[in-house]
Undergrad: 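Have a look at this one.
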There are 2 protein chains.
Amino acid sequence: MIKLLPAHIVREVLLKKLSQTPLFKGLPDSDLEQVLEYAIPTRLDAEAYFFHQGTPAQHVYILLEGQIKVLQLTPEGQQVVMRMVDPIEIFGCVAALSGGEYPGSALATKACQALALPHGDIIKLMGRFPQLAINAFQIMVKRTHELQDRYLELATETVEKRLAHALLRLLEKNAVETPNGTLIDMPLSRQDLAEMVGSTLYTISRILSAWENKGRVKSGREQITILDLAWLESLAQD
Amino acid sequence: MIKLLPAHIVREVLLKKLSQTPLFKGLPDSDLEQVLEYAIPTRLDAEAYFFHQGTPAQHVYILLEGQIKVLQLTPEGQQVVMRMVDPIEIFGCVAALSGGEYPGSALATKACQALALPHGDIIKLMGRFPQLAINAFQIMVKRTHELQDRYLELATETVEKRLAHALLRLLEKNAVETPNGTLIDMPLSRQDLAEMVGSTLYTISRILSAWENKGRVKSGREQITILDLAWLESLAQD
DNA sequence: CGTTGACTTGATTTCAGTCAATATCCGTGG
DNA sequence: CCACGGATATTGACTGAAATCAAGTCAACG
């Protein structure tokens with residue numbers, strides 16, 4: 001139960017912000033404050049790991065700033081991106097089950113700030129503040145739902161359509177309008193995209209080239225600009 | 001709040017059984033009884049549906065007897081089996097989110113008995129009995145975990161290995177030892193298996209034929225017997 | 001200015017899907 | 001009891017999407 005929380009004023013801001021997250025929504029401030037007694041503020045530079053696959057699951061995290069990517073590695077060394085985590089989302093939920101290991105690794109793609117809730121305290125807190133448990137449950141239901149969608153995609157759609165879907169999902173959280181098109185505001189290599197859709201960098205490169213020839217996107221080194229958003233959406237549709 | 005619960009004695013048995021399910025584990029009997037006030041007993045014949053994809057999500061279900069399969073249909077009409085549900089598991093969890101639609105259909109593969117908890121009451125009950133919310137949360141964490149495993153499989157493994165994994169999963173719940181091998185105790189067509197692993201009945205048929213030639217399995221019309229379980233496990237491994 | 005990492009492109013291969021023909025099993029009704 | 005029809009399964013031939021392998025180009029950076 002380490003206490004490293006910032007000073008009083010900052011704390012007020014944090015409280016306000018947290019009370020709007022899916023996890024803490026509906027919790028009275030007084031309860032939230034008690035929860036925060038257990039929270040360990042955590043900062044990480046880009047390219048650092050919150051945790052590694054196979055290590056004992058000790059904390060559930062709430063991301064406050066930055067972005068992380070949850071990776072899973074197959075025995076053969078193939079890497080798959082399970083999800084991208086943006087601020088106010090939670091990750092490392094397996095830690096809420098006793099005695100498990102993290103099934104994947106959490107890599108910061110930008111500098112990050114997060115709160116860590118120790119494995120032993122979470123369930124206790126949920127028992128004390130039912131709203132917390134309800135919120136967590138609903139978050140997981142939604143997550144399962146999203147994962148099912150991606151499973152269905154993977155099982156039935158071509159790489160091209162999956163890539164379209166993946167880009168649209170990234171746009172939801174990272175879109176930046178520029179004079180010439182919508183930019184995805186994060187470093188994004190062909191390899192990264194391949195791992196997100198379950199493909200190879202070669203195939204992704206070919207598809208992007210084809211799209212570029214059609215004038216629908218503009219892609220450079222680790223960045224992609226969508227020129228024709230409507231077209232991308234219709235591609236993802238049918 | 002319809003009350004169709006069976007007579008007193010039967011109710012005692014039901015209570016005892018329910019108190020051991022993952023969802024109700026740790027709830028005092030008195031609390032559980034209150035929860036059951038809201039539960040609607042539901043019976044269904046084999047081949048009937050608990051709910052259909054796209055209809056408003058009105059109930060969360062706890063399966064007591066039988067088996068169901070949760071299907072998802074793509075716009076193009078391709079069918080994918082999201083999961084098999086066995087007794088004491090819950091399904092239709094999206095109903096715990098307000099205002100959604102079922103993302104898939106729930107088909108009874110055997111005659112079933114289940115309890116339905118109305119959409120409006122679940123969250124209320126969880127607020128009253130925190131243990132219920134905690135259990136539900138943990139169930140969903142586990143489910144997400146399992147789904148991630150299957151996602152990884154689908155993204156990186158061949159149909160043959162995926163089939164091996166799928167059969168092993170089915171064996172966990174439906175294994176019956178016979179004089180000559182371990183039988184999977186449920187009707188299981190090539191088409192069913194194809195939908196479970198994201199493939200086609202043709203490919204499944206070829207793989208099973210090959211396995212049969214090697215003397216590892218014995219497969220007939222809608223049934224499969226594993227002759228060499230150790231071999232199947234090692235196939236699934238690497 | 002050479003090295004490195006990201007990307008592209010072509011050639012080839014492979015896994016698995018599609019299509020088509022046939023076989024097998026099983027219940028049903030004449 | 002047997003023949004029929006429909007579901008289920010097998011098998012072969014073909015096709016196609018995407019992985020793999022192999023050369024490259026290009027841009028950034030020390």
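Chain naming here is simple, since letters A, B, ... match the order of the sequence lines and numbering starts at 1 in each.
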Undergrad: Look at the side chain of B:D45 and the backbone N and O of B:A48, then say whether any donor-acceptor pair between them is shorter than 3.5 Å.
TA: no
Undergrad: Tell me which residues in residues 197-207 of chain A put a heavy atom below 4.0 Å from DNA chain D, sorted by number, or none.
TA: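 Residues of residues 197-207 of chain A under 4.0 Å from DNA chain D: A:G198, A:S199, A:T200, A:Y202, A:T203, A:R206.
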Undergrad: Any heavy-atom pair between the side chains of B:I226 and B:L183 that's under 4.5 Å?
TA: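 A side-chain contact is absent here, since even the closest heavy-atom pair is not under 4.5 Å.
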Undergrad: What is the distance from CD of B:E222 to P of D:dG6, rounded to the nearest Å?
TA: 18 Å
Undergrad: Once you measure the plane-to-plane angle for B:Y102 and B:F51, does it fall in the parallel (<30°), tilted (30-60°) or perpendicular (>60°) bin?
TA: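 Rings of B:Y102 and B:F51: parallel, under 30°.
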Undergrad: Describe, as an angle rounded to 10 degrees, how the axis at the first end of the helix from C:dC1-D:dG30 to C:dG30-D:dC1 is tilted relative to the axis at the last end, five pairs per end.
TA: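 Rounded value for the end-axis angle: 20°.
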Undergrad: Does atom NZ of A:K142 have more than 12 heavy-atom neighbours from other groups under 6.0 Å away?
TA: no
Undergrad: Measure CD/B:E212 against C1'/D:dT10 and give the value in whole Å, please.
TA: 11 Å
Undergrad: Report the distance from atom CD of B:E101 to atom NE2 of B:H52, rounding to the nearest 0.5 Å.
TA: 13.5 Å
Undergrad: With the side chain counted from C-beta on, respond yes when A:L170 and A:L168 share a heavy-atom pair under 4.5 Å apart, and no when they do not.
TA: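 The answer is no; the side chains never approach within 4.5 Å.
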Undergrad: By a strict heavy-atom criterion of less than 4.0 Å, which residues belonging to residues 154-165 of chain B are in contact with DNA chain C?
TA: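 Heavy-atom contacts with DNA chain C come from B:T158, B:V159.
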Undergrad: Heavy-atom contacts under 4.0 Å between residues 186-196 of chain A and DNA chain C, which residues?
TA: A:S189, A:R190
Undergrad: Under 4.5 Å between any side-chain heavy atoms of A:P22 and A:I88, yes or no?
TA: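 Yes; the side chains approach each other to less than 4.5 Å.
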Undergrad: Decide, yes or no, whether a salt bridge links A:K218 with A:E212 under the criterion of side-chain N to carboxylate O below 4.0 Å.
TA: yes
Undergrad: In terms of side-chain geometry, is the basic nitrogen of B:R169 or B:E233 positioned less than 4.0 Å from the acidic oxygen of its partner?
TA: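 Not counted as a salt bridge, because no side-chain N and carboxylate O are separated by less than 4.0 Å.
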Undergrad: With the threshold set at 4.0 Å, does a side-chain nitrogen-carboxylate oxygen contact exist between A:E65 and A:K17?
TA: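 Yes, this pair counts.
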Undergrad: Using the ring of each side chain (for Trp, its six-membered ring), is B:F50 parallel, tilted or perpendicular to B:Y61, with breaks at 30° and 60°?
TA: perpendicular
Undergrad: Side chains of A:T109 and A:Q67: is there a donor and an acceptor less than 3.5 Å apart?
TA: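 A:T109 vs A:Q67: donor-acceptor pair found between side chains.
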Undergrad: Go through the side-chain N and O atoms of A:T74 and B:T156 and say whether any donor and acceptor fall under 3.5 Å apart.
TA: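 No pair is found: no donor N or O on one side chain lies under 3.5 Å from an acceptor on the other.
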Undergrad: Taking B:H59 for its side chain and B:A116 for its backbone only, find out whether a donor-acceptor pair lies under 3.5 Å.
TA: no
Undergrad: If a protein heavy atom is under 4.0 Å from the base, mark B; if only from the sugar-phosphate, S; if neither, -; do that for nucleotides 24-30 of chain D going 5' to 3'.
TA: -------
Undergrad: Among all residues two or more places apart in sequence or in another chain, which pass the side-chain contact (heavy atoms from CB on, under 4.5 Å) test with A:S189?
TA: A:Q191, A:D192, A:E222
